[in-house]
Structure formats: structure tokens, C-alpha cells
K.L.:
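Mind looking over this structure? Questions follow.
These figures come from a predicted structure and were not determined experimentally. Note on naming: letters A, B, ... go to the chains in the order of the sequence lines (proteins, then strands), and numbering restarts at 1 for each one.
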Amino acid sequence: AQTIHQWPVAEIKAVGSPLSLGCTIKGKSSPNLYWYWQATGGTLQQLFYSITVGQVESVVQLNLSASRPKDDQFILSTEKLLLSHSGFYLCAWSLGGSYEQYFGPGTRLTVL
Amino acid sequence: QQKVQQSPESLIVPEGGMASLNCTSSDRNVDYFWWYRQHSGKSPKMLMSIFSNGEKEEGRFTVHLNKASLHTSLHIRDSQPSDSALYLCAAYNYAQGLTFGLGTRVSVFP
């Protein structure tokens, strides 16, 4: 069975500080991977997607970057956090672009 | 840019009642529609998907799709308090991937 983990579960960070969020998928090789951001009470905004190791496509520019250093790992980061970065960050995987996406448990980020 | 419009924004349903949610895509090239349910503080879980014109039923949930009007609807019968959640409609096309609507917040009161 496939499992998806995200870390950390929650973060409270200061404006201007760096950030690194992680996501790991076990039990599935070469999945498509996605990062989403959700403002409190809002919809899901896709940020990045990756079809293969080392390749990441940006969907929305939010002063964030993403990397896929391993087949089963997806990292979201920034060197300088903004207040507007607060929200719920979700990692998801799918077998392909047209397949169902399975979401991880998410990381709740509060920027003060 | 594909847009996915959902209505109503929120819905209050008595326990045992019927909830009807709507979703329309602005993109004629949409291939699939997905319905996700997200309980407060949790991640979204896929509820139902529909690719062809017509109706699909799974338990208390029924999804309709009219591809000509790019409209899908989700109906929840015999609503339960555990159905209280944010319901997200997502439309997929090859060029733009998956686009989510703003959601409909459903509250079921006993």
C-alpha cells in the first residue's frame, strides 16, 4: 500500500526566515508529485508538479521553490518567508496527470 | 486559464436531508471532473469521479455530468453530520492539469 508522509506537521516561523517542507511517498515508484497551498477557508492552489526526479515545473509564483532530489521525495522551500505564505501546504501524488491525486496529511504554516 | 465555478458557497442541510452541489468549468477541453471532500483541518479525499455523460451512484452519493454544458453536480441523500465538510470540485484537462474550484461548505445539523 502506498503511504505519503509530510513533515513537519506544523511550523511557526518569523517573517524573513527560511523554510523547508518535505514529502515522501512510499510504495509507488515514479509517481507524479504535486505541491498545493491552501489559505484558511480557501481552495487548493497548485504550486509545483514533478513527473520525474530532478525535474520540477512551477505553476504559480509565490516566492517559493521546489525540488525532487529522489524519486520518492519532494521538497518545498524558500529563503525568506512572507506573511502571505501562511496556510496549509499539501503534497499529493498520482500515477499520471489524468489520474486521481492522493493527498498527504499536510503541513500547517503560520508566519508571524 | 481554466476556471471552475462552484455553487452555492455554503449549504445548511438538516440531518436526513438532500444536499445538492454544482460545478461548472469554463474550459471546453475538460476531460474529467473529480469531487473531493475535505473535513476541517484534514487533507482532501477523493469522493467520486466522473468522465462520461450521465449519472454515477455510490452509496448515498450521486454525481451527474453534462459534458455539453461542462456542468457536474453532486447530490448527497440522507445527509449525516459526518458529511459536514468542504466539497471541492476539480476539472482536469491535459494542457493545464487539475484545477480546483473554491468549494462548497456543507453543514449538516441534527
Side-chain angles (χ1 to χ4, degrees), chain A residues 1-10 21 23-25 31-51 55-61 66 74 76 86-110, chain B residues 1-11 21-27 29-52 56 58 63 72 84-107:
Chain A
Q2 302 81 29
T3 57
I4 177 168
H5 300 279
Q6 286 188 244
W7 72 92
V9 172
L21 303 181
C23 172
T24 299
I25 293 84
N32 282 16
L33 298 176
Y34 309 86
W35 276 114
Y36 286 87
W37 171 76
Q38 186 178 35
T40 302
T43 192
L44 297 172
Q45 174 67 65
Q46 191 175 117
L47 302 175
F48 300 93
Y49 69 91
S50 171
I51 296 172
Q55 188 177 27
V56 176
E57 300 294 331
S58 172
V59 178
V60 171
Q61 293 292 333
F74 208 17
L76 184 70
S86 291
F88 196 35
Y89 287 84
L90 290 151
C91 179
W93 72 270
S94 72
L95 292 174
S98 60
Y99 290 82
E100 174 186 353
Q101 292 187 17
Y102 298 88
F103 288 87
T107 295
R108 193 160 300 280
L109 174 67
T110 303
Chain B
Q1 177 83 25
Q2 173 178 211
K3 289 197 185 307
V4 177
Q5 305 277 1
Q6 288 189 247
S7 64
E9 286 186 17
S10 61
L11 194 56
L21 291 67
N22 298 292
C23 173
T24 304
S25 170
S26 64
D27 187 350
N29 296 316
V30 65
D31 295 315
Y32 313 117
F33 284 95
W34 308 91
W35 284 95
Y36 281 80
R37 181 165 73 178
Q38 185 178 23
H39 286 107
S40 183
K42 303 294 185 183
S43 59
K45 298 283 190 288
M46 203 276 283
L47 200 56
M48 292 185 75
S49 59
I50 189 159
F51 311 137
S52 308
K56 183 175 171 183
E58 290 181 7
V63 172
T72 180
S84 296
L86 180 68
Y87 288 78
L88 294 160
C89 174
Y92 172 84
N93 70 45
Y94 179 79
Q96 295 178 37
L98 202 61
T99 302
F100 284 86
L102 293 177
T104 293
R105 191 162 298 281
V106 174
S107 300

K.L.:
For B/Gln38, is it the side chain, the backbone, both, or neither that has a heavy atom closer than 4.5 Å to a heavy atom of chain A?
P.N.:
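For B/Gln38, the contact with chain A is made by the side chain alone.
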K.L.:
Please flag which part of A/Gln101 lies under 4.5 Å from any non-hydrogen atom of chain B: side chain, backbone, both or neither.
P.N.:
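For A/Gln101, the contact with chain B is made by backbone and side chain together.
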K.L.:
Could you tell me which portion of A/Gln46 (side chain, backbone, both or neither) has an atom closer than 4.5 angstrom to a non-hydrogen atom of chain B?
P.N.:
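Looking at A/Gln46, just its side chain touches chain B.
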K.L.:
Assess, by modelled atom type and distance only, whether the side chains of B/Tyr32 and B/Ser49 contain a donor and an acceptor separated by less than 3.5 Å.
P.N.:
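Absent: no donor and acceptor within the cut-off.
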K.L.:
Which atoms of A/Leu90 come close to chain B, meaning under 4.5 Å heavy atom to heavy atom: side chain ones, backbone ones, both, or neither?
P.N.:
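The side chain, not the backbone.
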K.L.:
Would the number of heavy atoms belonging to other residues, nucleotides or ligands and lying under 6.0 Å from OH of A/Tyr49 be above 12?
P.N.:
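At most 12 heavy atoms, drawn from other residues, nucleotides or ligands, come within 6.0 Å of this atom.
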K.L.:
Just by modelled atom types, is the A/Ser86 backbone N or O under 3.5 Å from a matching donor or acceptor in the A/Trp37 side chain?
P.N.:
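Pair found, side chain donor or acceptor close to backbone of A/Ser86.
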K.L.:
Does the ring centre of B/Phe100 sit less than 6.0 Å away from the ring centre of B/Tyr36?
P.N.:
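Aromatic pair counts; centres sit under 6.0 Å.
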K.L.:
Please classify the contact of A/Tyr36 with chain B as side chain, backbone, both or neither, using a heavy-atom distance under 4.5 Å.
P.N.:
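Just its side chain gets close to chain B.
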K.L.:
Could you tell me whether the side chain of B/Trp35 reaches within less than 4.5 Å of the side chain of B/Thr72, counting heavy atoms only?
P.N.:
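The answer is yes; the side chains approach within 4.5 Å.
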K.L.:
Within a reach of under 6.0 Å around NZ of B/Lys42, are more than 12 heavy atoms found that belong to other residues, nucleotides or ligands?
P.N.:
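No, NZ of B/Lys42 has 12 or fewer neighbouring heavy atoms, counting only those of other groups under 6.0 Å.
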K.L.:
Quick check on the interface: out of B/Gly41, B/Gly103, B/Ser43, who has the most heavy-atom pairs with chain A under 4.5 Å?
P.N.:
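Heavy-atom pairs under 4.5 Å are most numerous for B/Ser43.
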K.L.:
Relative to chain B, which segment of A/Phe103 carries a heavy atom at a distance below 4.5 Å: side chain, backbone, both, or neither?
P.N.:
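Contact with chain B is through both the backbone and side chain of A/Phe103.
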K.L.:
Please look at B/Leu102 and chain A and tell me whether the side chain, the backbone, both or neither of the residue comes under 4.5 angstrom of a heavy atom of that chain.
P.N.:
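For B/Leu102, the contact with chain A is made by backbone and side chain together.
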